[in-house]
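Inspection log for the structure reproduced underneath, given as structure tokens.
It should be emphasised that the depicted structure is a prediction, and the values quoted were computed from it without experimental measurement. Numbering of ligands and ligand atoms starts at 1, following listing order.
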Amino acid sequence: MARKLNLRIWRGDSKNGELKDVQVDVNEGEVVLDVIHRVQATQMGDLAVRWNCKAGKCGSCSMEINGKPRLACMTQVASFDENETITVTPLRAFPVIKDLVTDVSFNYKKAMEIPAYEPPKDLAPGEARMEQVDVERSQEFRKCIECFLCQNTCHVIRDHEENKKSFAGPRFFIRIAELDMHPLDILKNRKRTAQEEHGLGMCNITKCCTEVCPEHIRITDNAIIPMKERVVDIKYDPSRMFAGLLKREKRD
Ligand code: SF4
Ligand code: SF4
Ligand code: FES
């Protein structure tokens, strides 16, 4: 049975914006994206909202719902109190294009900065072989739907535009970890570049990214922390330190 829902929607563009209150019908079992679409169809024909699959798989409908980064197509209206006003606002970490649609191209730029998997030079097409255990190790990271909710949540960039240049963000730390775990990848310095070029050291393992991930990827525990530990191991490896001392002595 339909009931009325109080919805507050952010409307605006890159320059100005404000929250607008609307009342909209909601039916049993509907998600927040359903009611946004109903508002679009009946009251605000020019309301901009990005979506695609309506099944939690394309990562397009990311927005903030009552201040929490979420997928609108996977957020049940029934999960809120009946009298509660549901407020929908665009992702805060990225520039607004219009209404609920943000410009997430920061993420595509970061993706391009990470070198792709590079197989051994002498491996002919079809010859690559991996142990099942290696396939499974990084399987979790390949579930990423690129919704960028983790990027939006991460405090390193959420309110710090100045950090974006030197920080790739949690989505790309799992990408680097995935490549780092690939037994055939010949680029062996992935952890070091994560630290030196992609800002791994700026992450202080608050785990906020893990909390919002709709795919339940254990971003911090399974990707970030192991890479950080390895970076420290490499830096303080006594044999490397000794080799460094010898080099310095030779120079002196
Ligand atoms: S754990 Fe690191 S990457 Fe994740 S939200 Fe916290 S600071 Fe950002
Ligand atoms: S890691 Fe999770 S939260 Fe981050 S982009 Fe991928 S699916 Fe979204
Ligand atoms: S519309 Fe595809 S994840 Fe929501």
Could you list the atoms of ligand 3 found under 4.0 angstrom from a heavy atom of Gly56? 3 (S)

So is His155 touching ligand 1 or not, going by heavy atoms under 4.0 Å? yes

May I have the step-by-step check of ring pair (Phe, Tyr, Trp, His ring centres under 6.0 Å) for Phe173 and Phe141, ending in yes or no? CA-CA 10 Å; Phe173 294 147; Phe141 305 138; over 10 Å; no

dist Lys109:NZ -> Lys165:NZ (nearest 0.5 Å) comes out at 12.5 Å

Under 4.0 Å from a heavy atom of Cys53: give me the atoms of ligand 3 that qualify, with their elements. 1 (S), 2 (Fe), 3 (S)

Please determine which of Val104, Thr102, Leu149 meets the side chain to side chain contact (heavy atoms under 4.5 Å, CB included) test together with Ser62. Leu149

Side chain to side chain contact (heavy atoms under 4.5 Å, CB included) for Lys4 and Val24? Distances and angles first, verdict last. CA-CA 6 Å; Lys4 292 284 178 203; Val24 57; over 6 Å; no

Heavy atoms from other residues, nucleotides or ligands near CZ of Arg38 exceed 12 (cutoff 6.0 Å): yes

Would you mind running through ligand 1 and noting each atom that sits below 4.0 Å from a heavy atom of Cys154? 3 (S), 5 (S), 7 (S), 8 (Fe)

For ligand 1, is there an atom lying under 4.0 Å from some heavy atom of Thr220? yes

Check the pair Val212, Asn152 against side chain to side chain contact (heavy atoms under 4.5 Å, CB included), reporting the backbone distance first and the verdict last. CA-CA 10 Å; Val212 297; Asn152 177 62; over 6 Å; no

Tell me: protein heavy atom nearest atom 3 (S) of ligand 3, and distance? Gly59 N, 3.3 Å

So the atoms of ligand 3 within less than 4.0 Å of a heavy atom of Lys57 turn out to be 3 (S)

Using only heavy-atom distances, determine whether the side chains of Gln195 and Arg192 contain a donor-acceptor pair under 3.5 Å. no

So which heavy atom in the protein is nearest atom 1 (S) of ligand 3, and how far is it from that ligand atom? Lys54 N, 3.1 Å

Considering only heavy atoms from C-beta outward, does the side chain of Cys203 approach that of Val156 to under 4.5 Å? no

Numbering the atoms of ligand 1 from 1, which are under 4.0 Å from a heavy atom of Thr206? 1 (S), 5 (S), 6 (Fe), 7 (S)

Is there a donor-acceptor contact under 3.5 Å linking the side chains of Asn107 and Glu146? no

Working to the nearest 0.5 angstrom, can you tell me the gap between His198 NE2 and Phe167 CZ? 12.0 Å

Numbering the atoms of ligand 1 from 1, which are under 4.0 Å from a heavy atom of Ile224? 3 (S)

Under 4.0 Å from a heavy atom of Asn52: give me the atoms of ligand 3 that qualify, with their elements. 1 (S)

Considering the heavy atoms of Asn204, write down every atom of ligand 1 situated less than 4.0 Å from one of them. 7 (S)

State the atoms of ligand 3, each with its element, that fall below the 4.0 Å cut-off from a heavy-atom position in Cys58. 1 (S), 2 (Fe), 3 (S)

Pull out every atom of ligand 1 sitting under 4.0 Å from any heavy atom of Cys203, numbered as shown with elements. 1 (S), 2 (Fe), 3 (S), 7 (S)

Using a cut-off of 2.8 Å, find all protein N, O or S atoms closer to atom 6 (Fe) of ligand 2 than that distance. Cys144 SG

Out of all atoms in ligand 3, which are within 4.0 Å of some heavy atom of Cys73? Include the element for each. 1 (S), 3 (S), 4 (Fe)

So how far is it from Glu30 CD to Ile36 CD1, rounded to the nearest 0.5 Å? 12.0 Å

Pairing residues for Tyr117 by the ring-ring contact (aromatic ring centres under 6.0 Å, His included) criterion, not counting sequence neighbours: His182

Using the rule side chain to side chain contact (heavy atoms under 4.5 Å, CB included), only one of Thr153, Thr220, Asp221, Ile224 pairs with Thr210; which is it? Thr220

